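Please read all numbers here as calculations on a predicted model, not as lab measurements.
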Amino acid sequence: MSDEDITLTAGDAEVTVQPGNGGRVGGLRIGGLELLRQGERFGCFPMVPWCGRVRDGRFLDGAEVRQMPLNAPPHAIHGTVRDHAWRTARTSPDEVVLTYELVDPWPHSGLVTQVVALTEDALTLTMSVETYDSSFPAQIGWHPWFNRNLGGEDVTLGFDPAWQEERGDDHLPTGNRLDPKPGPWDDCFGMPGGVEATLTWPGQLELKVTSREEWVVVYDEQREAVCVEPQTGPPNGLNTLPHLVTPLEPLEASTTWTWRRL
């Protein structure tokens, strides 16, 4: 199938999926209101096979040190798949399945599958990473850019993390856990019961981001957007909290965004 944009619809909700632009969700419109920041780098992109920054672009893979390109010097950031076209495996009016074969610079072969499923009041993103030969560490996450303003008052963010990862001068967690501090943030938080965060555009819309995963990065230092990023581990997690993908055990994760009018 081609990598042209795909539009999903359910009720008054409409989603644009962009296989050719990193497998990202390019737009989410509720009753004509666009919730995601527009532009080639924005929308909501998948972070695979790692999330956030990897220190100096290096991680330990078994006994071998691997070097990734430094696309956010001095670090490597947000994985490799957002810069490439995905394949559209299957599509229907309210669901699309995309796949991506891991290639260089990632040192292992593997298959990433992402399912984008829309209902009248929710969008669910599900992703898996599987391998058929050698095992490797990996992470899964999503990086949505929610518009700060939809034409009324600015959005407010509500969430109740158990802790905040202390951020070093290099933007990476130091390993210390702190009581959550007020924003603005470019920070990782722990939510052991699963991620739950509520974005409220007063008088317009409430959107709840949930995930069974226990980690979320919040980035709201830009004027235009607020990012709430559920992921399977913290930044630099390939080194500090790796999930091993094996031929018998893929890595799987999902997030659901549920909304209601105000």
Side-chain angles (χ1 to χ4, degrees), residues 1-38 42-49 51 78-79 81-82 84-102 110-130 138-147 191 194-199 205-216 227-232 243 245 250-261:
M1 293 187 181
S2 76
D3 60 6
E4 293 180 359
D5 289 3
I6 296 164
T7 300
L8 308 178
T9 56
D12 69 351
E14 186 177 271
V15 166
T16 302
V17 182
Q18 299 179 325
N21 184 22
R24 78 187 63 212
V25 174
L28 168 60
R29 291 163 299 284
I30 312 298
L33 283 177
E34 176 57 71
L35 270 59
L36 294 175
R37 185 177 180 194
Q38 296 298 285
F42 301 111
C44 172
F45 61 82
M47 296 185 289
V48 185
C51 305
H78 296 336
V81 305
R82 64 179 173 143
H84 300 279
W86 292 49
R87 178 177 170 271
T88 303
R90 191 172 72 248
T91 185
S92 70
D94 57 6
E95 184 179 274
V96 62
V97 180
L98 306 177
T99 60
Y100 178 82
E101 294 274 358
L102 291 170
L111 179 69
V112 184
T113 302
Q114 180 177 216
V115 181
V116 181
L118 180 65
T119 66
E120 292 186 8
D121 63 358
L123 178 68
T124 297
L125 306 172
T126 305
M127 199 148 41
S128 65
V129 184
E130 52 192 318
Q139 288 180 298
I140 288 172
W142 288 270
H143 195 307
W145 296 82
F146 294 109
N147 281 320
M191 303 188 79
V195 172
E196 184 172 314
T198 302
L199 295 104
L205 199 75
E206 177 189 277
L207 182 139
K208 188 169 288 188
V209 176
T210 59
S211 174
R212 292 189 304 274
E213 302 310 317
E214 300 183 357
W215 302 89
V216 63
C227 305
V228 180
E229 310 162 33
Q231 45 197 65
T232 59
H243 286 269
V245 178
L251 177 60
E252 299 173 327
S254 69
T255 182
T256 297
W257 309 346
T258 308
W259 53 83
R260 66 182 183 95
R261 299 294 189 88

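Taking CG from Leu98 and OG1 from Thr113, the interatomic distance works out to 9.0 Å, rounded to the nearest 0.5 Å. Within the model, atoms OG1 of Thr9 and CD of Glu120 stand 10.0 Å from one another, a figure rounded to the nearest 0.5 Å. The structure places NZ of Lys208 at 4.5 Å from OG1 of Thr198, a figure rounded to the nearest 0.5 Å. Leu207 contributes atom CG, which lies 7.5 Å from atom CD1 of Ile30 (distance to the nearest 0.5 angstrom). In this structure, NE2 on His243 lies 7.0 Å from CD on Gln139, to the nearest 0.5 angstrom. Once rounded to the nearest 0.5 Å, the distance linking NE2 of His78 with CD of Gln231 reads 8.5 Å.
A donor-acceptor pair under 3.5 Å is formed between the side chain of Thr232 and the backbone N or O of Ile140. Listed for the Trp86 side chain is no donor-acceptor partner under 3.5 Å among the backbone atoms of Val112. For Glu130 (side chain) and Glu252 (main-chain N/O), no donor-acceptor pair under 3.5 Å exists by modelled atom type. For Glu34 (side chain) and Leu28 (main-chain N/O), a donor-acceptor pair under 3.5 Å exists by modelled atom type. Looking only at distances, no side-chain donor or acceptor of Glu213 sits under 3.5 Å from a matching main-chain atom of Pro230. In terms of modelled atom types and a separation under 3.5 Å, the side chain of Arg24 and the main chain of Phe42 share a donor-acceptor contact. Side chain of Thr255 to backbone of Thr210: a donor-acceptor contact under 3.5 angstrom is found. The main-chain N or O of Gly43 is never found under 3.5 Å from a side-chain atom of Trp145 such that the two would form a donor-acceptor pair.
Contact detail for Gly23 and Pro46: the closest heavy-atom pair is O-CD, 3.7 Å. For the residue pair Gly141 and Met127, the shortest heavy atom distance occurs at O-CE, 3.6 Å. When all heavy atoms of Trp259 and Ala13 are compared, the pair lying nearest together is CZ2-CB, 3.7 Å. Between Asn147 and Leu36, the shortest heavy-atom distance links the atoms ND2-O, 3.2 Å. Residues Val25 and Leu125 share a closest heavy-atom pair of CG2-CD2, 4.0 Å. Ile6 approaches Pro19 most closely through the heavy-atom pair CD1-CG, 3.9 Å.
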> Are Asp121 and Arg260 close enough, and set up right, to give a side-chain contact (heavy atoms from CB on, under 4.5 Å), and what steps lead you there?
Replying inline: CA-CA 7 Å; Asp121 63 358; Arg260 66 182 183 95; over 6 Å; no

> Hey, mind stepping through Gln114 and Trp142 against side chain to side chain donor-acceptor pair (under 3.5 Å) and telling me if it holds?
Replying inline: CA-CA 11 Å; Gln114 180 177 216; Trp142 288 270; 3.0 Å; yes

> Yes or no on side-chain contact (heavy atoms from CB on, under 4.5 Å) for Arg29 and Thr16, after CA distance, side-chain angles and deciding distance?
Replying inline: CA-CA 9 Å; Arg29 291 163 299 284; Thr16 302; 2.9 Å; yes

> Yes or no on side-chain contact (heavy atoms from CB on, under 4.5 Å) for Leu35 and Leu199, after CA distance, side-chain angles and deciding distance?
Replying inline: CA-CA 11 Å; Leu35 270 59; Leu199 295 104; over 6 Å; no

>> Go through it in stages, so that I can follow the logic: the residues are Asp94 and Ser92, the test is side chain to side chain donor-acceptor pair (under 3.5 Å), and I'd like the CA-CA distance, side-chain angles, deciding distance and then a yes or no.
In response: CA-CA 6 Å; Asp94 57 6; Ser92 70; 3.3 Å; yes

> What's the verdict on side-chain contact (heavy atoms from CB on, under 4.5 Å) for Glu95 and Leu118, showing C-alpha distance, side-chain angles and the deciding distance?
Replying inline: CA-CA 6 Å; Glu95 184 179 274; Leu118 180 65; over 6 Å; no

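The side chain to side chain contact (heavy atoms under 4.5 Å, CB included) test with Val116 is passed by exactly one of Thr126, Thr91, Val96: Val96.
With a 4.5 Å cut-off on side-chain heavy atoms, Leu205 and Arg261 count as touching.
Residues that satisfy the ring pair (Phe, Tyr, Trp, His ring centres under 6.0 Å) test with Trp257, not counting sequence neighbours, are Phe146.
Using modelled atom types, one finds a donor on one side chain and an acceptor on the other under 3.5 Å when comparing Thr256 with Thr124.
Aromatic ring orientation, His143 versus Phe45: parallel (interplanar angle below 30°, classes split at 30° and 60°).
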